Amino acid sequence: MKTRSIRFRLTAWYAGLLTTVVLALAAVLFLHLQSYLEGALAETQTRRAHQIADTLVAKVRAADEANIGGEIASLYAPEKGDRFIRITRPDGGVIYRSGPPNSQAFDPAAVPPAAPEPPWEFSRKQAVAGGAALLISSVRAPSASGGTYLIEVGTSAAPVDAMFRHLLVVLGLGLPLVVALAAAGGYALVRRALRPVDEIAGKAEQITQHNLGDRLPVPGTGDELERLSTALNHMIIRLDDAFQNSKRFVADASHELRTPLTVLSGELESLAQDWELSAETRERLGSLLEEVGRLVKIVERLFALSRLDAGEAQSESVRFDLAELAASTADQMALLAEDRRIVVTCNAATPVAVEGDHARLKQVVVNLLDNAIKYTPEGGAVQIRVKSAGSRAVLEVIDTGIGIAGDQLVHIFDRFYRADKTRSRNPDGAGLGLAIVKSICHAHQGQIEVESAVGKGSCFRVLLPLADEHSLPSATKPDSAS
Ligand code: ADP
C-alpha cells in the first residue's frame, strides 16, 4: 500500500479521527456511568443510614445498646442482602456490626474503622483485605443518651466493578472492529470518489499528437474534479490548435519554397553551362547547385511529411504484390549501388499481397534501399527480402554497412535526426527519410523495426497486414520513385 497516496492518507486520517472520538466518548461514558452508579448507590445507603439513625439510634440509651443489633437484624437482615452495617459509639466502641454476607463477598470484621472526627455525612470506597471493596455511606447521629453515634451502611462494589470490567471488554473488542469496518468503508468510498481521476489519467495517457481531437471524460460532479478535467480539455484544445498551426506552417512553408527553389535550381543549371564563364566560377556555381539540390530534397521531404501528417498517406488503397514492388525497385536502384561497387540482391520470389497506396509504399522501399546503399562502404552488400509471416507481410532491407549505435536506434525515426552528425559520409541527408517511412507504415496499420550492430550492418524490417484474400487485385501500378 502506498502510504503517501491520498487514498491511504484520507483513510488513515478518518480512522485516526474515529478512534480518537470513540475513545474520548468511551472514556466520558465510563467515568460518568461510574460516578452516577456509585453516587446512586451511596445515596440509597445514606438514606438507609438516616433511617437507622432516626428509627433506632436516636432513641438508644447506653442501657439498651445491646438490643439494637437484634432490631437491625430483624428490620434490615443485612447478611441476606449482602450489606454491611456498623454502629460505632463516640468513644470508638462498636455496638453493632453485621455478620458475613451470604455471598461471602467481604469480611465485615476486616472493614477498617472510619477516620476519627468524620463529617456528619459522607461516602467512601473502602478496600477490604481478602475481599471485594465496599461502597460505604456514613452518617453521624445524636442519640437519646447525648453521644453522637456513627452509622455506616455499605455494600460490595463487586457487581459494579464486574459491570465496568464487562463494559471494558465490550469496548476493547468492539472499538477495533468498528474502526476497522469504518476504515474499510472509508477506503472504498475514497476509491470510488477517485475513480474518475483514474479514468481521466487513463485517457490522458492515450492522447498523443495523433489523436489530439479526443477529449478527457468530464465527471458531472460539479467540484474541483469537473473543473480539472474541463481545464485539461481546454488545454488539449489549445495544444491541438498550436499543433495544427505548426503543421500548417510547415506545409505552407515547404509548399511556398518549392517553386522558387526549382526556379533557382534551373537558373543555376543554365548559368553553370555558360562556357563564357571562367572554370572557377562554373565550379562555384556547381557547388551552389549541389546545395540548392539538397535544399530542394529537404523541402520535398518536408512537404511529403506535412501531407502524411494531414492524413494523405493512403490517398488510394489497392491490392498489389509487395515482392514484385521490392524486386522492381531493387532493380532500379542497383545502378546507384553499382557506382559504389555494392551488390544488391533481392530475395522475393513468392508473391506477398498487401493493400495500400502503391506509390507511398514504393517510397518506403526506396528510402530504405537508399539508406542501405548510402551507409554501406564500397564493396559491401545490400539484400532485400519479402515474405509472409502469419497474418503479416515482412519486408527486410539488410546491409553490411556502418551500423547504428544502440543509444541512437531509438532516435533514428525522429525528424531531422542524423546518427552521423559530421555529415562526412552523407552530405545530402537531412534526417527525414526514416520519419517518412515510419509515417507511411503507421498509416498502413504497419510498423517498422530495426536491428543494428556498429561496424557490421543493419536490418530494417517493415511489417504490414496481408491483403484480405477477397479484395480485388488492382491494375498494374505505374512506378514512381520518391
Ligand atoms: P538521412 O537523410 O540522414 O539518411 P534518415 O531519416 O533516412 O535521414 O536516417 C536517419 C539516420 O539514421 C541517418 O542519418 C543515419 O545516421 C541513420 N541510418 C539510417 N539508415 C541507416 C543504415 N542503413 N545504416 C546506418 N545508419 C543508418
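When a ligand or atom number is given, it counts from 1 through the structure's own listing order. A quick note: this is a predicted structure, and the numbers were derived from the prediction, not measured.
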Quiz item: Below 4.0 angstrom, N of the basic side chain to O of the carboxylate: do Arg319 and Glu355 qualify?
Solution: no
Self-check item: N/O separation below 3.5 Å, Gly433 to ligand 1
Solution: yes
Self-check item: side chain to side chain contact (heavy atoms under 4.5 Å, CB included) partners for Ser388, two or more places apart
Solution: Val352, Leu466
Quiz item: Looking only at heavy atoms, is any part of Ile404 under 4.0 Å from ligand 1, and if so is it the side chain, the backbone, or both, or is it neither?
Solution: side chain
Self-check item: Residues Asp240, Lys247: salt bridge by 4.0 Å N-O rule
Solution: no
Practice problem: Please could you name the atoms of ligand 1 that Ile412 approaches to less than 4.0 Å, counting only its heavy atoms? | Solution: 10 (C), 12 (O)
Quiz item: So, Lys374 and Asp370, do they make that salt bridge, N to O below 4.0 Å?
Solution: yes
Quiz prompt | Residue Arg418 vicinity, atoms of ligand 1 by number, heavy atom under 4.0 Å | solution = 3 (O), 14 (O)
Practice problem: Just jot down the ligand 1 atoms closer than 4.0 angstrom to any heavy atom of Ala430, in number order. | Solution: 1 (P), 2 (O), 3 (O)
Quiz item: Should you measure from each heavy atom of Leu432, which atoms of ligand 1 turn up under 4.0 Å away?
Solution: 6 (O), 8 (O)
Self-check item: salt_bridge(Glu378, Arg340) N-O dist < 4.0 Å
Solution: no
Quiz prompt | Atoms in ligand 1 flagged as close to Tyr417, the criterion being non-hydrogen separation under 4.0 Å | solution = 10 (C), 11 (C)
Exercise. Could you list the atoms of ligand 1 found under 4.0 angstrom from a heavy atom of Ala419?
Key: 11 (C), 14 (O), 16 (O)
Quiz item: So, are Lys125 and Asp161 salt-bridged, with charged N and O less than 4.0 Å apart?
Solution: yes
Quiz item: At a 4.0 Å threshold, what atoms of ligand 1 neighbour a non-hydrogen atom of Gly431?
Solution: 1 (P), 2 (O), 3 (O), 6 (O), 8 (O)
Exercise. Tell me, please: is Phe460 in heavy-atom contact with ligand 1, that is, under 4.0 Å?
Key: yes
Quiz item: Should the ring pair Tyr417 and His411 be called parallel, tilted or perpendicular, given that the plane angle runs from 0 to 90° and is split at 30 and 60?
Solution: tilted
Exercise. Applying side chain to side chain contact (heavy atoms under 4.5 Å, CB included), name anything that partners Arg192, two or more places apart in sequence or on another chain.
Key: Arg195
Quiz prompt | Which of the ligand 1 atoms, numbered from 1, are nearer than 4.0 Å to a heavy atom of Ser458 | solution = 24 (N)
Exercise. May I ask whether Gln408 has any heavy atom positioned less than 4.0 angstrom from an atom of ligand 1?
Key: no
